[in-house]
Amino acid sequence: MEFSDELLASLRDARHIAVFTGAGVSAESGIPTFRDALTGLWENYDASTLASPEGFAADPALVWGWYEWRRTRVLRAEPNPAHYAIAALAADCPRLTLITQNVDDLHERAGSADPIRLHGSLHHPRCSACEAPYRLPPGIPDKPEGGRRVDPPRCARCGAPVRPRVVWLGENLPQAAWDAARQAAEACDLMFSIGTSALVWPAAQLPALVARRGATVVQVNPAETALDGHAGYNLRGAAGKVMPLLLQALRRSRP
Ligand code: APR
């Protein structure tokens, strides 16, 4: 894959790079997107049943079972070359801010410290009432095959059921994460938008905001997205292929 001299120069000159990621960055680790995961055991369910406060109130064991199933898949997965290349890129520019819509922990496991998490995490549940953190038992949950429902644990402080610390339908993004992401979008010289359909708002505003400021947007995606018209560079391909090649080309291009 060839990268233009202009793109490599923009990367070399950038003082602050923002990297915005979505489900596509974890696809090569075998983590299905929310929609793709609604198959097999889960094919008769929809997002409002499994990922909304109303769905959780109606059937906490079903919703907790769904998130434990997803968390188990993530714990069995490994970061892929895209996660590693993004972590390594941080050493190649003065400042890098990673913003993710993903709820898995593969960026951290690849070495990216403290990504801004716009949609929360599968790995840090909290009480559904008093919000106290709940510490999950270590290791990979061992569930009976074919089982869907798992009773959520109870909060040690107030006894209410524990829920995943993820952003559900109708819920606001965590304010501090959103503020930090917007600040990065307003300050960066260049933003990567990697593996996201850039359709789910407000997160999808971020690359559009960068483009409006006249800063560079580099999209990495095998498919067309709503962002194509805004991106200065559309690198068509799988993130696990494109990102390591781009990092290599950037390093080679340094004097
Ligand atoms: N490399 C890069 N991009 C890929 C790859 C890959 N190997 N495989 C798929 N993609 C792209 C797809 O072409 C698509 O554009 O990843 C994108 C995934 O889009 P979505 O499934 O819409 O995921 P995302 O943009 O992260 O969704 C945002 O929606 O489901 C909710 O809250 C959930 O955070 C999620 C949000």
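When a ligand or atom number is given, it counts from 1 through the structure's own listing order. The chain is numbered in sequence order, starting from 1.
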inquiry  = So, regarding Ala23 and ligand 1 (criterion: nitrogen or oxygen to nitrogen or oxygen, under 3.5 Å), is there a contact or not?
reply    = yes
ask   = Are a donor atom and an acceptor atom from the side chains of Ser112 and His83 found within less than 3.5 Å of each other?
value = no
Within 45° cone and under 6.0 Å: Arg149 NZ/CZ vs Trp66 ring = no
query = To the nearest 0.1 Å, how far is atom 21 (O) of ligand 1 from its closest protein heavy atom, and which atom is that?
reply = Thr33 CG2, 3.2 Å
query = With only distance considered, is Ala239 within less than 3.5 Å of ligand 1 through an N or O on each side?
reply = yes
ask   = Near Ala238, which atoms of ligand 1 are under 4.0 Å from a heavy atom of that residue?
value = 1 (N), 6 (C), 7 (N)
ask   = Nearest protein heavy-atom contact for atom 20 (P) of ligand 1: which residue, which atom, what distance?
value = Ser197 OG, 3.6 Å
query = Which ligand 1 atoms are under 4.0 Å away from a heavy-atom of Gly22?
reply = 26 (O)
query = Quick one: which ligand 1 atoms are inside 4.0 Å of a heavy atom on Gly195?
reply = 2 (C), 3 (N), 16 (O), 17 (C), 18 (C)
Basic-acidic side-chain contact under 4.0 Å: Asp105, Arg117 = no
message = So if I count the atoms of ligand 1 from 1 in the order they appear, which ones are less than 4.0 Å from some heavy atom of Ala223?
response = 13 (O)
ask   = Around atom CZ of Arg254, are there more than 12 heavy atoms of other residues, nucleotides or ligands at under 6.0 Å?
value = yes
request  = Could you walk me through whether Glu171 and Arg163 pass salt bridge (charged side-chain N to carboxylate O under 4.0 Å, His left out), step by step?
outcome  = CA-CA 14 Å; Glu171 293 185 323; Arg163 61 161 277 179; 2.9 Å; yes
request  = Among all protein heavy atoms, pick out the one at the shortest distance from atom 31 (C) of ligand 1; state its residue, atom name and that distance to 0.1 Å.
outcome  = Arg35 NH2, 4.1 Å
query = Who's the nearest protein heavy-atom neighbour of atom 25 (O) of ligand 1, and how far?
reply = Thr196 OG1, 2.6 Å
task = Determine whether the side chains of Gln101 and Thr196 contain a donor N or O and an acceptor N or O closer than 3.5 Å.
result = yes
query = Could you walk me through whether Phe56 and Trp168 pass the ring pair (Phe, Tyr, Trp, His ring centres under 6.0 Å) check?
reply = CA-CA 10 Å; Phe56 185 68; Trp168 278 337; 5.5 Å; yes
note = Closest to atom 7 (N) of ligand 1 among protein heavy atoms sits Glu28 OE2, 2.8 Å
key: Exercise: do Gln183 and Asp179 side chains pair donor with acceptor under 3.5 Å   = no
request  = Could you tell me whether the side chains of Thr21 and Thr100 share a donor-acceptor contact shorter than 3.5 Å?
outcome  = yes
query = Which residue holds the protein heavy atom closest to atom 6 (C) of ligand 1, what is that atom called, and what is the gap in Å?
reply = Gly24 O, 3.3 Å
Close N or O approach (Asn221, ligand 1; < 3.5 Å) = yes
query = Heavy-atom distance to atom 4 (C) of ligand 1: which of Pro222, Gly120, Ala27 wins?
reply = Pro222
ask   = For the hydrophobic clusters of this structure (ILVMFWY residues joined by side-chain heavy atoms under 4.5 Å, transitively), does one cluster hold both Tyr84 and Val25?
value = no
request  = Measure Val200 to ligand 1 on non-hydrogen atoms and call it side chain, backbone, both or neither using the 4.0 Å cut-off.
outcome  = side chain
ask   = Is the shortest N/O to N/O distance between His119 and ligand 1 below 3.5 Å?
value = yes
message = Side chains of Ser29 and Glu78: any donor to acceptor distance under 3.5 Å?
response = no
query = What is the closest protein heavy atom to atom 28 (C) of ligand 1, and at what distance does it sit?
reply = Gln101 OE1, 3.3 Å
